[in-house]
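Below you'll find the structure, written out as structure tokens, and then a few comments.
Residue numbers count from 1 along this sequence. Worth saying up front: this structure is predicted, and the values here are computed from it rather than measured. Note that these values count all heavy atoms, side chains included, but never hydrogens, waters or copies made by symmetry.
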Amino acid sequence: MAQTLAKSKIQLKDAIINSITKAIEKEQLIKADIPEFIIETPADRKNGDLATNAAMVGAKTFRTAPIKIAQAITENIDLENTLFEKCEVAGPGFINFFFSPMYYAEVLKDVEEEKENYGSSDYGKGQKIMVEFVSANPTGPMHMGNARGGALGDCLAAVLNKAGYNAWREFYVNDAGNQIEKFACSLEARYLQIYKEGIEFPADGYQGGDITDLAQEYADENGDVLVNADSNSRKKALVDYALPKNISKMQSDMAKYKIKYDKWFFESELHNSGQVKEVVDILTEKGLTYEKEGAVWYKNKEVCTEILLKQGKTQDYIDKLELKDDVLIRQNGNPTYFTADIAYHKNKFDRGFETLIDVWGADHHGHVMRMKGAMDAIGYDGDKLQVVLMQLVKLVQGGEIVKMSKRTGKAIQLADLLEEVPVDSARFLFNTREANTQMDFDLDIAVQQDNQNPVYYVQYAHARICSIIKALANENISPRSCSKEELMLLTAPEEKELINHIANFYEEIISAAKEYDPTRITRYVTQTATLFHKFYNACRVKGENESLMQARLNLCIAVKTVIKNILDMFNINCPESM
């Protein structure tokens, strides 16, 4: 796996260390251990391709001004047989380095050799990592938050796989517990209202029209067979009918959204297998539960306080959080959602996942610390549970916020969105803003087929390259592999800027994986398209001498490869013509 940028940084680090060693031997610097320094890309590439703070951090060690250390380094540095052609001292002691033409040639050779694997690395070392996302309540249709969470979660898993992790996608179906009882009571009331007058609807029931529709569908198929049944039998029959329909709809919506889960995990499995009871027993054995008012409580405040104190938080800070204990088993003997959630996360670790990533709505913010604490409490590492908190989505059309579907007159659901907006647009647009920022999803832009639509803009760059290659083929000109010497002809600023960007793909993937932020890659590929159009407008491909024409064709193909690798990774179409 070739990574020219990484290779250049290793070369540069060795060259800097060797130059400092020479300066010490010449007594230009006092004898001392060389301190750690960094090599980074300057904010403004005009100042150099890479820069180091070696002279700045060495001031205390070598007891001399950074500028003098920098001068000693540049005087003694040997850049021969490296991918750099020169260096300069800047400001109070920073040193800037400039890539040689060979660097740009080797980057393009990387892409040519790696092809569909370009950007892939073994950074994650095959670590098993679970991404649990969407996990919408099966008692109703999926909404815009689920649409955003679906795109973010799926694309995050794709980035993790590209970075060398073994990512697993999972949907947690809450098919047990209090919300299912509420679902049953709501269905029962709507069903009985079809046949009887004066049936009151539960105050805390689910008011959605989907409940009425499901009850009516049951009645249409089965008539009044449940009217005179006992309440428990009636509710069970209605749930057994309605819940599979809702879950099947979720699965079909996710499939239409191009999301394929490795597992749909059902909460009922945890209850039926005794895993929920097991976590209560573990916490009880550890002295972390107590009984009050007929319920079993978990000492959340005690656990979280201990964790926060270890993190160096003050008691005043902790007091302001107003931490509270949580109910594990209600007075009626039923476990709470929180208890099942502890059991579910334990189950994840027990299946061998080394890191757990949950994509949650921002309204679950207060749940993060108590779940991490609960993992610690039952003997696992809460720090290996990472939560991506996702802010709200607002749908916008014509500059106005849209809340209702024009087609149904009801709140817009995921299914409605996917009927109105191309799936590629939805997946791409939901990945243009970091999860922790509020988002306006512009329906007008999402359906546009022009450069205002980011996914169209990127797809068009790919299609444009395909059309360039096709047009040349009509003139019997075919791309061929270039020698490094031919690729070194690419010296225009637009060419170098584009190649530098391509070289950063590996690091962008790794950074996105480390930060759990797939939106970095969406921005990266958008910038790739921008830089390609800039290059294409400044540098002719056809009509130059054969070697330069082929070198530019090689650059076009490299860009095409990078765009295709990203769109394929995100399960977005990559058209060859538009």
Side-chain angles (χ1 to χ4, degrees), residues 1-3 5-7 9 110-111 114-135 148-172 254 257-265 344-360 368 371-372 375 380-390 427-428 430-431 434-436 503-525 561-572:
M1 181 177 57
Q3 294 188 48
L5 179 57
K7 175 182 168 183
K9 289 182 177 180
D110 283 354
V111 186
E114 296 287 321
K115 295 183 175 64
E116 68 273 8
N117 293 319
Y118 186 73
S120 300
S121 72
D122 61 356
Y123 175 81
K125 306 294 182 188
Q127 182 188 133
K128 286 184 69 178
I129 190 165
M130 182 195 283
V131 185
E132 184 223 322
F133 58 103
V134 181
S135 296
R148 187 180 192 186
L152 285 168
D154 194 41
C155 293
L156 172 55
V159 165
L160 290 165
N161 281 328
K162 191 80 170 171
Y165 291 91
N166 180 7
W168 173 277
R169 296 164 171 86
E170 190 151 299
F171 190 116
Y172 181 51
M254 289 292 101
Y257 205 18
K258 297 185 180 180
I259 297 174
K260 183 179 180 181
Y261 287 95
D262 293 290
K263 185 175 178 65
W264 289 71
F265 190 103
Y344 176 45
H345 284 81
K346 179 183 182 298
N347 176 282
K348 293 181 185 183
F349 281 125
D350 289 345
R351 279 187 274 156
F353 293 102
E354 298 172 61
T355 301
L356 312 180
I357 301 174
D358 291 347
V359 181
W360 290 348
V368 176
M371 183 52 64
K372 282 173 166 279
M375 290 300 98
Y380 295 78
D381 185 353
D383 287 336
K384 290 185 177 179
L385 167 60
Q386 300 293 322
V387 179
V388 176
L389 289 173
M390 183 183 62
R427 288 178 64 89
F428 197 94
F430 278 123
N431 265 294
E434 295 96 329
N436 62 2
N504 284 330
F505 186 31
Y506 283 98
E507 291 194 351
E508 282 296 326
I509 288 286
I510 291 169
S511 294
K514 286 164 68 174
E515 297 167 18
Y516 306 140
D517 181 16
T519 67
R520 283 188 69 118
I521 305 305
T522 314
R523 290 192 296 274
Y524 172 85
V525 75
T561 298
V562 169
I563 292 175
K564 185 169 179 10
N565 287 358
I566 292 171
L567 295 185
D568 284 352
M569 175 177 69
F570 283 172
N571 210 359
I572 291 172

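In this structure, Lys128 satisfies the cation-pi test against Phe353, with its NZ or CZ atom closer than 6.0 Å to the six-membered ring centre and inside 45 degrees of the ring normal.
In this structure, Tyr165 OH and Ser121 OG are separated by 8.5 Å, a value rounded to the nearest 0.5 Å. For the atom pair Glu354 CD and Asp381 CG, the distance stands at 11.5 Å (nearest 0.5 Å). With rounding to the nearest 0.5 angstrom, the CH2 atom of Trp168 is 13.5 Å from the CG atom of Leu356. Rounding to the nearest 0.5 Å gives a distance of 9.0 Å between NZ of Lys346 and CE of Met375. Between the CD atom in Glu114 and the CG atom in Asn565 there is a gap of 10.0 Å [rounded to 0.5 Å]. Between the CD1 atom in Ile521 and the CD1 atom in Ile509 there is a gap of 4.0 Å [rounded to 0.5 Å].
Closest approach of Ala435 and Leu152 over heavy atoms only: CB-CD1, 3.8 Å. Minimum interatomic distance between Lys372 and Leu385 (heavy atoms only, all atoms of both residues): NZ-O, 2.7 Å. Taking all atoms of both residues into account, the shortest heavy-atom contact from Ala513 to Val159 is N-CG1, 3.7 Å. Residues Gly149 and Phe133 share a closest heavy-atom pair of O-CD1, 3.6 Å. Smallest separation of non-hydrogen atoms from Asn431 and Ala151: ND2-O, 3.1 Å. For the residue pair Asn161 and Ala167, the shortest heavy atom distance occurs at OD1-N, 2.8 Å.
The only option from Trp264, Tyr257, Phe265 that meets the ring-ring contact (aromatic ring centres under 6.0 Å, His included) definition with Phe171 turns out to be Trp264. For the side chain to side chain donor-acceptor pair (under 3.5 Å) test with Thr355, the passing option among Gln386, Gln127, Lys384 is Gln127; the others fail.
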For the pair Leu160 and Ile357, evaluate side-chain contact (heavy atoms from CB on, under 4.5 Å) and give the outcome as yes or no after the intermediate values. CA-CA 11 Å; Leu160 290 165; Ile357 301 174; 3.8 Å; yes
Would Ile129 and Asn166 count as a side-chain contact (heavy atoms from CB on, under 4.5 Å) if you check the C-alpha gap in whole Å, the side-chain angles of each, and the deciding distance to 0.1 Å? CA-CA 6 Å; Ile129 190 165; Asn166 180 7; 6.0 Å; no
One pair to check against salt bridge (Lys or Arg N to Asp or Glu O under 4.0 Å): Asp568 and Lys162. What are the steps and the verdict? CA-CA 11 Å; Asp568 284 352; Lys162 191 80 170 171; over 6 Å; no
Between Val525 and Val562, is a side-chain contact (heavy atoms from CB on, under 4.5 Å) present by the stated rule, with each step listed? CA-CA 8 Å; Val525 75; Val562 169; 5.6 Å; no
Run the salt bridge (Lys or Arg N to Asp or Glu O under 4.0 Å) check on Lys263 and Glu132 step by step: do they pass? CA-CA 10 Å; Lys263 185 175 178 65; Glu132 184 223 322; over 6 Å; no
Give the intermediate values and the outcome of ring-ring contact (aromatic ring centres under 6.0 Å, His included) for residues Tyr506 and Tyr118. CA-CA 8 Å; Tyr506 283 98; Tyr118 186 73; 5.0 Å; yes
Would Ile563 and Leu567 satisfy side-chain contact (heavy atoms from CB on, under 4.5 Å), going step by step from the backbone distance to the final call? CA-CA 6 Å; Ile563 292 175; Leu567 295 185; 3.9 Å; yes
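By the 4.0 Å N-to-carboxylate-O rule, Asp110 lies too far from Lys115 to be salt-bridged with it. A salt bridge links Glu170 with Arg351; the closest basic N to acidic carboxylate O contact falls under 4.0 Å. Taking 4.0 Å as the cut-off between side-chain N and carboxylate O, Asp154 and Lys258 do not count as a salt-bridged pair.
Side-chain atoms of Arg148 do not come within 3.5 Å of backbone N or O of Met390 as any donor-acceptor pair. For the pair Asp358 (side chain) and Trp360 (backbone), a donor-acceptor distance under 3.5 Å is absent.
Here Tyr172 pairs with Tyr344 under the ring pair (Phe, Tyr, Trp, His ring centres under 6.0 Å) rule; sequence neighbours left out.
A salt bridge (Lys or Arg N to Asp or Glu O under 4.0 Å) check over residues 504-519, counting only residues at least two apart or in different chains, returns the pairs Lys9-Glu507, Glu508-Arg520, Glu515-Arg520, Asp517-Arg523.
Remark: aromatic rings of Phe505 and Tyr524 are close, center separation under 6.0 Å.
Side-chain contact between Phe430 and Cys155 is absent, with no heavy-atom pair separated by less than 4.5 Å.
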